[in-house]
Amino acid sequence: MAKTHTMQERYSSLVLAKLRKELVLRDGIVFNNDYEGDPIAGKVKIPVRDTEVSVGDYDVATGASIAQGATTYLDVLVNKDKAVNELIDGYEAAAVPDGLVAERLDSAAYSLAQRLDSDGGTELLTSGTVNNAAQLTKDNIYDKLVDIRTKMSKANVPGTQRYALVTPDAYALILKSPEFVKASDLGDEVVQSGAVGRIAGFTVYEWNDATPGLAFVCGHPRWATRVNEWKVPIAVKDLGNTYIGASAVQGRMAYAHKVTRASAVQAVYSPGSLTVTATAGTGAGETALTVTGNSGTAKYRVNPTDRVIYDQADTGFTALSTNPKPSVGDIIEVADFVSSKAKAVAYIVVVADMIKS
């Protein structure tokens, strides 16, 4: 029995070490682990503090006045319970080759990390602050990051430890920005954290999240907590009479994520890109538009006073069934509307060949 417990502790420690390495939304970078209580019991308390300890005058005769503590505690249910239970056929637990055990534990850690990242990301997006932006380009993405930086500073989010989780498309734009500093120029500590660089005061991490319209998430780990604990430590166990001569890698992990201050997590959404071509229309002065890549209904407007933002309502747009009658130099903006909300956009500048004479 003692050997079984020892192996459980050893395997669980190995999986946790590998899991932490595989995470994109890492502890200490995106999430803190500041909580009280036992996750296995199903509920923990997370400290919530929006103000710092007050500092007052000290009088040698009367001392200093006592200020009321500003820390409260939030009860958080540990509502995720995930299991690893993978059959290793043909081997009893004691006979499983070390290489096979290592490979299965490695795979278990990777799979658990993927699940924690997914659920952690959902909490960031659900409980953070939403910012809808116009279509981001290499020329304006730095400005948007600066806007978010300013917003966080005004909310008294500390300037150190700020991160930006950027989708691959947004990262491609950041790479073209002259303000971007690559991780290799920032030292080994930044590289080892998984960061790809720094911009506008944010340490940048590439995050391959597929949430429609999402460009990046900026935040600070002080106000986002991850709780996780082995409910059943991971081990290689015999399956007894159920599967003769077989064993399984088994374990259960309980975990939860909680954002405790929305202003410390800022998610930026931007419409994606469409492909639009314009040719001479059928009637005099008309331009015909062809749109590909849309998942909803594409509509247009000519010379807009502002750019389309993600989730913008379908107002002031015209259906493609009616051709525009632009002048040379006009800008035609085409948006893809899903449930009457803009999800993608494209722009085209009109030249003479696009207008029916």
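Quick caveat: nothing in here was measured; it's all calculated off a predicted structure.
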Task: CA sep, side-chain torsions, deciding dist, call: Val96, Ser247, side chain to side chain contact (heavy atoms under 4.5 Å, CB included) - done: CA-CA 8 Å; Val96 180; Ser247 57; 3.5 Å; yes
Open item on the list: Run Tyr205 and Ser193 through side-chain hydrogen bond (donor to acceptor under 3.5 Å, both in side chains) and show every step you take.
Closed with: CA-CA 9 Å; Tyr205 299 86; Ser193 75; 3.2 Å; yes
TODO: For Arg301 and Asp306, run salt bridge (charged side-chain N to carboxylate O under 4.0 Å, His left out): C-alpha distance rounded to whole Å, both residues' side-chain angles, the deciding distance at 0.1 Å, then the answer.
DONE: CA-CA 11 Å; Arg301 59 183 181 174; Asp306 53 6; 3.5 Å; yes
Open item on the list: Before you tell me yes or no, could you show the steps for Trp207 and Val30 under side chain to side chain contact (heavy atoms under 4.5 Å, CB included), namely the whole-Å CA-CA distance, both residues' side-chain angles and the distance that decides it to 0.1 Å?
Closed with: CA-CA 12 Å; Trp207 183 34; Val30 176; over 6 Å; no
TODO: Report the C-alpha separation of Arg226 and Asp27 in whole Å, then their side-chain angles, then the decisive distance to 0.1 Å, and conclude whether the salt bridge (charged side-chain N to carboxylate O under 4.0 Å, His left out) test is met.
DONE: CA-CA 7 Å; Arg226 170 179 282 146; Asp27 295 356; 2.7 Å; yes
Task: Val232 and Gln250: CA distance, side-chain angles, deciding distance, side chain to side chain contact (heavy atoms under 4.5 Å, CB included) verdict - done: CA-CA 8 Å; Val232 177; Gln250 296 180 334; over 6 Å; no
- [ ] Please step through side chain to side chain contact (heavy atoms under 4.5 Å, CB included) for the pair Ile199 and Val181, ending with a clear verdict.
- [x] CA-CA 6 Å; Ile199 189 170; Val181 180; over 6 Å; no
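At a threshold of 4.5 Å between side-chain heavy atoms, the hydrophobic network of Ile, Leu, Val, Met, Phe, Trp and Tyr places Leu175 and Ile141 in one connected group. If you chain together hydrophobic residues whose side chains sit under 4.5 Å apart, Tyr310 and Leu136 never meet in one group. Clustering ILVMFWY residues whenever any of their side-chain heavy atoms sit less than 4.5 angstrom apart, transitively, puts Val265 in a cluster other than the one holding Met152. No path of Ile, Leu, Val, Met, Phe, Trp and Tyr side chains, each step under 4.5 Å between heavy atoms, connects Ile29 with Leu23, placing them in separate hydrophobic clusters. In this structure, Val268 is a member of the same hydrophobic cluster as Ile174, with clusters built from ILVMFWY side-chain heavy atoms closer than 4.5 Å.
Contact of the Arg198 side chain with the Val190 side chain is registered, since non-hydrogen atoms from C-beta on lie closer than 4.5 Å. A heavy-atom distance below 4.5 Å is found between the side chains of Pro326 and Ile332. In this structure the side chain of Tyr163 never reaches within 4.5 angstrom of the side chain of Cys218, judged on heavy atoms. The shortest side-chain heavy-atom distance between Val227 and Val76 does not fall under the 4.5 Å cut-off. Between Asp353 and Thr279, the closest side-chain pair of non-hydrogen atoms is not below 4.5 Å. Using a 4.5 Å cut-off on side-chain heavy atoms (C-beta onward), Leu16 and Met253 make contact. Tyr91 is listed as a side-chain neighbour of Leu100, based on a closest heavy-atom distance under 4.5 Å. Residues Asp119 and Tyr255 have side chains in contact (heavy-atom distance under 4.5 Å, counting atoms from C-beta outward).
When the shell of 6.0 Å around NZ of Lys151 is examined, it contains more than 12 heavy atoms from other residues, nucleotides or ligands. More than 12 non-hydrogen atoms from other residues, nucleotides or ligands lie less than 6.0 angstrom from CG of Asp185. Annotation for Arg149: atom CZ does not count as buried by contact number, only 12 or fewer foreign heavy atoms lying within 6.0 Å.
Of the options Thr322, Val276, Val291, a side chain to side chain contact (heavy atoms under 4.5 Å, CB included) to Tyr300 is made by Thr322 and by none of the others. Of the listed residues (Leu320, Thr318, Asn294, Asp314), just one forms a side chain to side chain contact (heavy atoms under 4.5 Å, CB included) with Lys299, and that residue is Asp314.
If you take CZ on Arg252 and CD1 on Ile40, they are separated by 9.5 Å, rounding to the nearest 0.5 Å. Here the CZ atom belonging to Phe216 is positioned 10.0 Å from the CG atom belonging to Leu173, to the nearest 0.5 angstrom. Rounded to the nearest 0.5 angstrom, Lys258 NZ and Ser127 OG are separated by 5.0 Å. To the nearest 0.5 Å, atoms CD1 (Ile348) and OG1 (Thr277) are separated by 7.0 Å. Atom CZ of Phe202 sits about 11.0 Å away from atom CG of Leu165, to the nearest 0.5 Å. Here the CG atom belonging to Leu214 is positioned 5.5 Å from the CG atom belonging to Asp209, to the nearest 0.5 angstrom.
Side-chain atoms of Ser12 come within 3.5 Å of backbone atoms of Ile234 as a donor-acceptor pair (strictly under, hydrogens ignored). Side-chain atoms of Gln161 never come within 3.5 Å of backbone atoms of Pro158 as a donor-acceptor pair (strictly under, hydrogens ignored). Of the possible polar contacts, none joining the Arg307 side chain to the Gln135 backbone as a donor-acceptor pair under 3.5 Å is found. Side chain of Asn132 to backbone of Ile309: no donor-acceptor contact under 3.5 angstrom is found. Remark: side-chain polar atoms of Tyr73 are not paired, donor with acceptor, to backbone N or O of Val44 under 3.5 angstrom. Using a distance-only test at 3.5 Å, with no hydrogens or angles considered, no donor-acceptor pair links the side chain of Thr287 to the main chain of Lys325. Glu286 places a side-chain N or O within donor-acceptor distance of the main-chain N or O of Gly283, the cut-off being under 3.5 Å. Side chain of Asp330 to backbone of Asn303: no donor-acceptor contact under 3.5 angstrom is found. A donor-acceptor distance shorter than 3.5 angstrom exists from the side chain of Asn131 to the backbone of Ala267, with no hydrogens or angles considered. Formation of a donor-acceptor pair under 3.5 Å by the Asp117 side chain with backbone atoms of Val24 is found in this model.
Contact between Ala278 and Leu289 at its shortest, heavy atoms only, is CB-CD2, 3.9 Å. The two residues Ala183 and Ala195 make their nearest non-hydrogen contact at CB-O, 3.5 Å. Here the closest heavy-atom approach between residue Leu112 and residue Trp230 is recorded as CD1-CH2, 3.8 Å. Nearest heavy atom pair, residue Ser327 against residue Ile355, reads C-CD1, 3.9 Å. Here the closest heavy-atom approach between residue Asp336 and residue Gly296 is recorded as OD1-N, 2.9 Å.
Lys45 and Glu36 are not joined by a salt bridge, as no carboxylate oxygen comes within less than 4.0 angstrom of a charged side-chain nitrogen. Here Lys341 does not pair with Asp311 in a salt bridge; the nearest charged N to carboxylate O distance is not below 4.0 Å. Comment: Asp81 does not engage Arg115 in a salt bridge, judged by the lack of any side-chain N to carboxylate O separation of less than 4.0 angstrom. Note on Asp106 versus Lys18: salt bridge recorded, some NZ/NE/NH1/NH2 to OD/OE distance being below 4.0 Å.
Side-chain contact check for Asn228 and Lys80: no donor-acceptor pair (N or O, by modelled atom type) lies under 3.5 Å. Defined by atom type and a distance below 3.5 Å, a donor-acceptor pair is missing between the side-chain atoms of Arg162 and His220. With hydrogens and angles left out, the side-chain atoms of Asn32 and Thr225 include a donor and acceptor closer than 3.5 Å.
Grouping Ile, Leu, Val, Met, Phe, Trp and Tyr by side-chain contacts under 4.5 Å, direct or through others, puts Val308 with Phe317, Ile331, Phe337, Val345, Tyr347, Val349.
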